[in-house]
Number of protein chains: 2
Amino acid sequence: MYSSELIKGTLKTIILKLLSDNDKMYGYEITHKVKELTGGKIQLTEGALYPTLHALEAQGILSTDVVNVGNRIRKYYSVTPNGKKVATEKVNEFSEFLDTMIFLLDLQPKLG
Amino acid sequence: MYSSELIKGTLKTIILKLLSDNDKMYGYEITHKVKELTGGKIQLTEGALYPTLHALEAQGILSTDVVNVGNRIRKYYSVTPNGKKVATEKVNEFSEFLDTMIFLLDLQPKLG
DNA sequence: AAAATATACATAATTTTCTTAGGTATATAA
DNA sequence: TTATATACCTAAGAAAATTATGTATATTTT
């Protein structure tokens, strides 16, 4: 687990990237997908996730689809057509920011 | 300029990296160095910088040396022997975090 | 069958970190 | 002489996260 300090400010970007690639996901699923993809190094907390999802929906970047699974509800989120631009911009901005930090801190990133 | 959201959480790492490489710098100098090195893309605000420097000093990670320059004071900060470990750890942790984010967001970082 | 864990949503109080806005003072350039 | 640059600092407020709960159903373990 990284110190929470580092993860600050990346939550929206992570959410928007995952939802851009997966077309619909629900909150609980997002936390588990991120944990899985990062080998447990990034664990989103629900207290941070849900308010952010609500905010993105209120801004028209995400839309929701509530589904009943047995007797439980599940709230699927998707990126709206308008939100797609925002999602791309967020990821691009983060990418540039990373380049700047790599230069500034003189890092050698591991490439896939 | 990057949205301040992205820069959140990187301030300590930036300060500690610069001071690790330069052995002593003063606050005003740090802001200008970062601005110069990033082509204006990252601009530290004094309201964030000074309290952070004070906190790092209080934690024994930085030490200070106040110098008179004409009639003005200048407060030089250096990484303490103990702080060197912390500085290295911070930069290493950020480096790993970068790798994780590059993988998670499927990015192609620009290499030096 | 009972207890524990997993699924799945949510909010509210507090803490952390930063922004914004201000304050003090000297030195230099226009 | 007026503006900009140098150089420090703090305090109020905003933003974003953590921590701690709360509700409820489903499944697995003992």
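Every value quoted in this text rests on a predicted model; they were computed, and no experiment measured them. Just so we're on the same page: letters track the sequence lines, and every chain starts at 1.
Of the candidate nucleotides C:dC9, C:dT19, D:dT10, D:dT10 has the atom lying nearest to any side-chain atom of B:Pro51. Comparing D:dC9, C:dT7, C:dC9 against the side chain of A:Glu46 picks out C:dC9 as the nearest.
Atom NZ in B:Lys75 sits about 19 Å away from atom P in C:dT26, given to the nearest Å. Straight-line distance from the CG atom of A:Leu56 to the C1' atom of D:dA15: 14 Å, rounded to whole Å. Atom C1' of nucleotide C:dA8 and atom NE2 of A:His32 are separated by 9 Å, given to the nearest angstrom. The separation between B:Tyr76 atom OH and D:dC8 atom C1' is 14 Å, rounded to whole Å. In this structure, A:Arg74 atom CZ and D:dA26 atom C1' are separated by 12 Å, rounded to whole Å. One can place CG of B:Asn71 at 14 Å from C1' of C:dT28, the figure rounded to the nearest angstrom. Taking atom CG of residue B:Leu6 and atom P of nucleotide C:dT17, one finds them 18 Å apart after rounding to whole Å. Taking atom CG on A:Asp65 and atom C1' on C:dA8, their separation rounds to 16 Å, with Å as the unit.
Across all non-hydrogen atoms, the minimal contact from A:Thr38 to B:Thr100 is CG2-CG2, 3.6 Å.
Remark: A:Lys85 NZ to A:Ile61 CD1 distance equals 11.0 Å, nearest 0.5 Å. Here B:Leu6 contributes atom CG and A:Lys12 contributes atom NZ; the two are 10.0 Å apart, rounded to the nearest 0.5 Å.
A:Arg72 comes within contact range of at least one nucleobase, with a heavy-atom separation under 4.0 Å.
Residue A:Tyr50 is the one, among B:Leu11 and A:Tyr50, whose nearest nucleotide of DNA chain C lies closer to the 5' end (criterion: closest heavy atom). Positionally, the nearest nucleotide of DNA chain D for B:Leu53 lies more toward the 5' end than for the other of A:Gly47 and B:Leu53. For A:Val69 and A:Thr52, each mapped to the nucleotide of DNA chain D holding its nearest heavy atom, the one lying further toward the 5' end belongs to A:Thr52. The 5' end of DNA chain C is approached more closely, in terms of each residue's nearest nucleotide, by A:Glu29 than by the other of A:Glu29 and B:Leu44.
Other residues, nucleotides and ligands place no more than 12 heavy atoms under 6.0 Å from the NZ atom of B:Lys35.
Of the possible donor and acceptor atoms, one in the side chain of B:Ser78 sits under 3.5 Å from a partner among the backbone N and O of B:Asp23.
At the phosphate of D:dT10, OP1 or OP2 sits under 4.0 Å from a side-chain N or O atom of B:His54. OP1 and OP2 of C:dC18 both lie 4.0 Å or more from every side-chain N or O belonging to B:Thr45. Between A:Tyr28 and the phosphate of C:dC9, there is no side-chain N or O to OP1/OP2 separation shorter than 4.0 Å. Taking only side-chain nitrogens and oxygens, B:Lys8 never comes nearer than 4.0 Å to OP1 or OP2 of D:dA17.
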